[in-house]
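Inspection log for the structure reproduced underneath, given as structure tokens.
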Amino acid sequence: MPGTVQAIERAAAILRTLAGGPGRLGLSEIARTLDLAKGTTHGILRTLQLVGFVEQDRVSGQYQLGGALLHLGTSFLDINELRSRSINWADPLAARSGQAVRIGTVLEGQVLVVHHVFRPDDTFQTLDVGALLPLHATALGKVLLAYRAGGPAADLETFTRRTLTDPRTLAVALDGVRESGWAFEVDEFLIGQAAVAAPIRGYGGLVVGAIGISGPVERLCDSHYRPLPRLVTYVRDAARAISRDLGATR
């Protein structure tokens, strides 16, 4: 039997490191993490960049997963599989949080809601499965946008006075999402509504969807309009559980 190809093993290790990291990583950090020489690491990164699997930030020089690889990840994961693997965790999340739960993925530059669990009370609610939501103005969308190559569109629609439409302000918010591992929005899409969301990862650590809760601001946030920590924990725990079911190792 022929042996393995060392260069491919190293390239795969670099991609896994980028997928499992908090966002962009520098050359030295990647080389140190994998115990590789900087020259070797740089050569592999350059090759991965040429085929679109890795992108380099022009300002910081750091690296992140490229659009070609993310496209492969979302193509591999069928929407029905995302929904079927998420259902077992969505209902308990709604029960624990007392809020509505939505699961979404990217479709043509928007968030496609693939599953929706009603808030467990007697208030009037409408089913959102199949609805398309904006990436920049929703917690689900911010999660998906944070791990998506290319960044937000140039012209961002304003829904309320709190909608983030300035590209630089939104970029800072997305950096925060990558660092913390979750996103939130308050009054950005609908007045009086707030939401918290976390990434769902598939095999190799690629972000293939997001799960989140939404409801009235006073139920999700404290007096400073920050999400209640216990609700953030519930959402992140559910996202991790679904990710494990989908083959993510971290």
Side-chain angles (χ1 to χ4, degrees), residues 77 79-107 109-147 157 159-164 173 177 180-201 207-246:
L77 181 69
I79 288 175
N80 290 327
E81 183 180 0
L82 174 62
R83 181 178 181 275
S84 64
R85 295 297 182 94
S86 304
I87 287 176
N88 291 337
W89 303 102
D91 286 339
L93 176 58
R96 293 182 73 190
S97 66
Q99 306 303 323
V101 174
R102 293 178 178 84
I103 296 164
T105 189
V106 176
L107 178 66
Q110 298 182 84
V111 181
L112 171 66
V113 179
V114 300
H115 188 56
H116 179 199
V117 180
F118 283 162
R119 186 170 54 253
D121 59 26
D122 295 329
T123 58
F124 176 77
Q125 301 173 71
T126 57
L127 188 65
D128 287 344
V129 173
L132 293 172
L133 307 175
L135 286 170
H136 68 288
T138 60
L140 288 174
K142 287 180 184 177
V143 167
L144 297 169
L145 196 55
Y147 296 96
E157 184 177 354
F159 297 95
T160 74
R161 63 182 181 83
R162 294 179 64 93
T163 305
L164 299 181
V177 173
S180 65
W182 59 279
F184 76 99
E185 56 101 356
V186 178
D187 292 335
E188 294 180 43
F189 183 49
L190 296 171
I191 294 295
Q193 294 289 303
V196 177
I200 296 173
R201 297 178 181 270
V207 174
V208 294
I211 183 170
I213 59 174
S214 60
V217 173
E218 61 271 17
R219 293 187 182 182
L220 267 72
C221 301
D222 59 21
S223 58
H224 299 289
Y225 295 96
R226 290 288 302 179
L228 299 174
R230 63 178 178 84
L231 296 180
V232 174
T233 299
Y234 294 161
V235 172
R236 297 191 71 189
D237 286 349
R240 291 190 187 103
I242 298 169
S243 297
R244 287 194 297 270
D245 282 355
L246 288 170

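Everything numeric in this text was worked out from a predicted model, so none of it was measured.
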Before giving the answer on side-chain contact (heavy atoms from CB on, under 4.5 Å), spell out for T233 and R236 the whole-Å C-alpha distance, their side-chain angles and the decisive distance to 0.1 Å. CA-CA 5 Å; T233 299; R236 297 191 71 189; 5.9 Å; no
Give the intermediate values and the outcome of side-chain contact (heavy atoms from CB on, under 4.5 Å) for residues L220 and L228. CA-CA 6 Å; L220 267 72; L228 299 174; over 6 Å; no
Output, in order, the C-alpha distance, side-chain angles, deciding distance and verdict of side-chain contact (heavy atoms from CB on, under 4.5 Å) for I211 and V101. CA-CA 7 Å; I211 183 170; V101 174; 3.9 Å; yes
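Nearest heavy atom pair, residue A90 against residue H115, reads CB-CD2, 3.8 Å. In terms of heavy-atom proximity, A198 sits nearest to A239 at CB-CB, 3.7 Å. Residues V106 and G109 share a closest heavy-atom pair of CG1-N, 4.2 Å. Here the closest heavy-atom approach between residue L140 and residue G212 is recorded as CD2-N, 3.6 Å. Nearest heavy atom pair, residue V208 against residue R201, reads CG2-C, 4.1 Å. Heavy atoms only, all atoms of each residue included: E157 and T163 are closest at O-CG2, 3.5 Å.
Taking CG of L133 as the reference point, atom OG1 of T138 lies at 5.5 Å (rounded to 0.5 Å). Expressed to the nearest 0.5 Å, how far CZ of R96 lies from CH2 of W89 amounts to 10.0 Å. Separating the CG atom in N88 from the CG atom in D245 is a distance of 7.5 Å, to the nearest 0.5 Å. In this structure, S97 OG and R219 CZ are separated by 10.5 Å, a value rounded to the nearest 0.5 Å. Between the CD atom in E185 and the OG atom in S214 there is a gap of 8.0 Å [rounded to 0.5 Å].
Residues I213 and Y234 are not in side-chain contact: their nearest non-hydrogen atoms beyond the backbone lie 4.5 Å or more apart. Contact check for V111 versus T105: no side-chain heavy atoms found under the 4.5 Å cut-off. Looking only at side-chain heavy atoms (C-beta outward), I87 and V117 stay at 4.5 Å or farther from each other. With contacts defined as side-chain heavy-atom distances shorter than 4.5 Å, the pair F184/K142 does not qualify. Residues Q99 and P216 have side chains in contact (heavy-atom distance under 4.5 Å, counting atoms from C-beta outward).
Looking at R83, its side chain does come within 3.5 Å of a backbone N or O of V114 through a donor-acceptor pair. Of the possible donor and acceptor atoms, one in the side chain of T160 sits under 3.5 Å from a partner among the backbone N and O of D187.
Ring geometry for F159 against H136 counts as tilted: the plane angle lies between 30° and 60°, on a 0 to 90° scale. Between H116 and F118, the ring planes are perpendicular. Angles over 60° get that label, and only those under 30° would be called parallel.
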